[in-house]
Amino acid sequence: MQITGDLRKMRATLESPVQYELPLGEDALHMNDLIGKSFSLNWIGEIYCKRCGRKTKKSFLQGFCFPCFRDAPEASPCIIHPEQCEGHLGKGRDVEWEKANHVQPHVVYLALTSGVKVGVTRSTQIPTRWIDQGAWQVMVLADLPYRQLAGALEVAMKEHLTDKTAWQRMLKNQMATDVDLRAEKKRVTALVPEEFQSYLSDNEELTEIIYPVTKYPTKVKSLNLDKTPEVNGKLLGIRGQYLMFEDNTVINIRKYAGYRVTISA
């Protein structure tokens, strides 16, 4: 099998284990079927903007050409910093896009990755966002009506929790297995500032996520397509948006959105 197309982040379905599909042009590879097999990914030296399709010499913010990075609502600063969102004020790079995407219900959640972290996502992105981060267990902390408010709560909670994932530890499966996330939610709830208390969620559902991994690496070496355009090896598993190979190398597929590659398996 050999397919050429522009990379996009993998689509994921919450099953046991997670089922992954890799879109590639008009095709899609069911990645779970390739685990345990030889896999080859070769970048042919071309990059195309994932939004407008323009050929570009450099990718910005995981797949945009510079004009889209500068002007597109999908690349607004509040994508990374939700507390800066102005969509609820009728502002933004594209007001209608803001209404459809950011002036919508969001959640603040607690996730177990390498440790307990706090995060924000639009409600309709559950559980996709959690899978993309490689989370092992997740609980909703609060339900909020729009992105900026969710971001403000996340900022407040960063006094007590990290908002980062130690991705190397996550890929080595060095999980905080001794943490009771329900107890942690109870502890954290008492730390939520008074102005956000009315948004706290009484949802006690604990989402557990199992990834299709046959063996985790003992150390992690991240591959860079710009420096190493050919990736070859036996695919041992997938977690988050990372492919993991038997030689301890990993590659973050989402990082290279828009890169035109040929995949053989």
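The model shown is predicted, which means the values in this text are computed figures rather than measured ones.
The shortest distance between side-chain heavy atoms of Phe66 and Lys58 does not fall below 4.5 Å. Side chains of Thr249 and Val231 form no contact here, defined as non-hydrogen atoms less than 4.5 Å apart. In this structure the side chain of Asn232 never reaches within 4.5 angstrom of the side chain of Phe39, judged on heavy atoms. Contact check for Val138 versus Gln133: no side-chain heavy atoms found under the 4.5 Å cut-off. Between Tyr109 and Lys117, some side-chain heavy-atom pair lies under the 4.5 Å cut-off. Side-chain contact between Leu144 and Val107 is absent, with no heavy atoms from C-beta onward closer than 4.5 Å. Val18 is listed as a side-chain neighbour of Pro212, based on a closest heavy-atom distance under 4.5 Å. The closest side-chain heavy-atom distance from Leu29 to Met1 is below 4.5 Å.
Ile209 CD1 to Trp136 CH2: the interatomic distance, rounded to the nearest 0.5 Å, is 11.5 Å. Summarising the geometry, atom CD belonging to Glu98 is positioned 10.0 Å from atom CG belonging to Leu89; distances are rounded to the nearest 0.5 Å. To the nearest 0.5 Å, atom CG of residue Leu243 and atom CE of residue Met31 are 5.0 Å apart. The line from CG of Leu14 to CD1 of Ile210 is 9.5 Å long, rounded to the nearest 0.5 Å. Within the model, atoms CD of Gln125 and CG of Asn101 stand 8.5 Å from one another, a figure rounded to the nearest 0.5 Å. Going from atom CD of Glu184 over to atom CZ of Arg182 covers 13.5 Å, rounded to the nearest 0.5 Å.
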Just distance, no hydrogens or angles: give the donor-acceptor pairs under 3.5 Å from side chains in residues 256-265, sequence neighbours left out.
residue : atom : partner : partner atom : Å
Tyr256  : OH   : Leu223  : O            : 3.4
Tyr256  : OH   : Asn224  : OD1          : 3.4
Tyr256  : OH   : Leu225  : N            : 3.3
Tyr259  : OH   : Asp226  : OD1          : 2.9
Tyr259  : OH   : Asp226  : OD2          : 3.1
Arg260  : NE   : Asp6    : OD1          : 2.6
Arg260  : NH2  : Asp6    : OD1          : 3.3
Arg260  : NH2  : Asp6    : OD2          : 3.2
Thr262  : OG1  : Thr4    : OG1          : 2.7
Ser264  : OG   : Gln2    : NE2          : 3.2

Side chains of residues 148-169: which donor-acceptor pairs under 3.5 Å do they make with residues two or more places apart or in other chains?
residue : atom : partner : partner atom : Å
Lys158  : NZ   : Asp163  : OD2          : 3.4
Thr162  : OG1  : Lys164  : N            : 3.0

What side-chain donor-acceptor pairs closer than 3.5 Å can you find for residues 200-207, not counting sequence neighbours?
residue : atom : partner : partner atom : Å
Ser201  : OG   : Asp143  : OD2          : 3.4
Ser201  : OG   : Asn203  : N            : 3.0
Asn203  : OD1  : Glu205  : N            : 2.8

Side-chain donor-acceptor contacts of residues 68-86 below 3.5 Å, not counting sequence neighbours, with atom names and distances?
residue : atom : partner : partner atom : Å
Glu74   : OE1  : Arg51   : NE           : 2.9
Glu74   : OE2  : Arg51   : NE           : 3.3
Ser76   : OG   : Pro73   : O            : 2.9

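Applying the side chain to side chain donor-acceptor pair (under 3.5 Å) test to Thr121 and every residue at least two apart in sequence or in another chain returns nothing.
Linking ILVMFWY residues whenever their side-chain heavy atoms come closer than 4.5 Å, directly or via other members, places Leu191 and Phe196 in the same cluster. Cluster annotation: Ile3 is connected to Ile253 through the hydrophobic network of ILVMFWY side chains, with a link wherever side-chain heavy atoms come within less than 4.5 Å. Val213 and Leu34 fall within the same hydrophobic cluster, defined by Ile, Leu, Val, Met, Phe, Trp and Tyr side-chain heavy atoms under 4.5 Å apart, directly or through other members. Leu41 and Ile44 fall into different hydrophobic clusters, where Ile, Leu, Val, Met, Phe, Trp and Tyr side chains are chained together by heavy-atom contacts under 4.5 Å. Note on Trp97 and Tyr146: separate hydrophobic clusters, where clusters join Ile, Leu, Val, Met, Phe, Trp and Tyr whose side-chain heavy atoms are under 4.5 Å apart, directly or indirectly.
For Gln241 (side chain) and Met10 (main-chain N/O), a donor-acceptor pair under 3.5 Å exists by modelled atom type. Using a distance-only test at 3.5 Å, with no hydrogens or angles considered, no donor-acceptor pair links the side chain of Arg254 to the main chain of Lys9. One N or O on the side chain of Tyr211 and one on the backbone of Ala135 form a donor-acceptor pair closer than 3.5 Å. No donor-acceptor pair under 3.5 Å is formed between the side chain of His102 and the backbone N or O of Ala100. Here the side chain of Gln174 pairs no donor or acceptor atom with the backbone of Ser114 at under 3.5 angstrom. A donor-acceptor pair under 3.5 Å is formed between the side chain of Thr214 and the backbone N or O of Leu236.
Across all their heavy atoms, Leu171 and Pro217 have their closest contact at O-CD, 3.2 Å. Summarising the geometry of Arg8 relative to Leu22, their closest heavy-atom pair is O-CD1, 3.4 Å, with the distance given to 0.1 Å. Considering every non-hydrogen atom in both Pro105 and Arg122, the closest pair reads O-CG, 3.6 Å. The two residues Ile238 and Gly240 have their closest heavy-atom pair at CG2-O, 4.3 Å. Minimum heavy-atom separation, Cys49 to Cys52: SG-N, 3.5 Å.
Applying the side-chain hydrogen bond (donor to acceptor under 3.5 Å, both in side chains) test to residues at least two apart or on different chains, the pairs with a partner in residues 10-29 are Arg11-Glu21, Gln19-His30.
Lys50 forms a cation-pi arrangement with Phe64, by the criterion of a distance under 6.0 Å to the ring centre and an angle within 45° of the ring axis.
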> Are Leu7 and Trp43 close enough, and set up right, to give a side chain to side chain contact (heavy atoms under 4.5 Å, CB included), and what steps lead you there?
Replying inline: CA-CA 10 Å; Leu7 283 177; Trp43 176 43; over 6 Å; no
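The environment of NZ in Lys172 is crowded: more than 12 heavy-atom neighbours from other residues, nucleotides or ligands sit within 6.0 Å.
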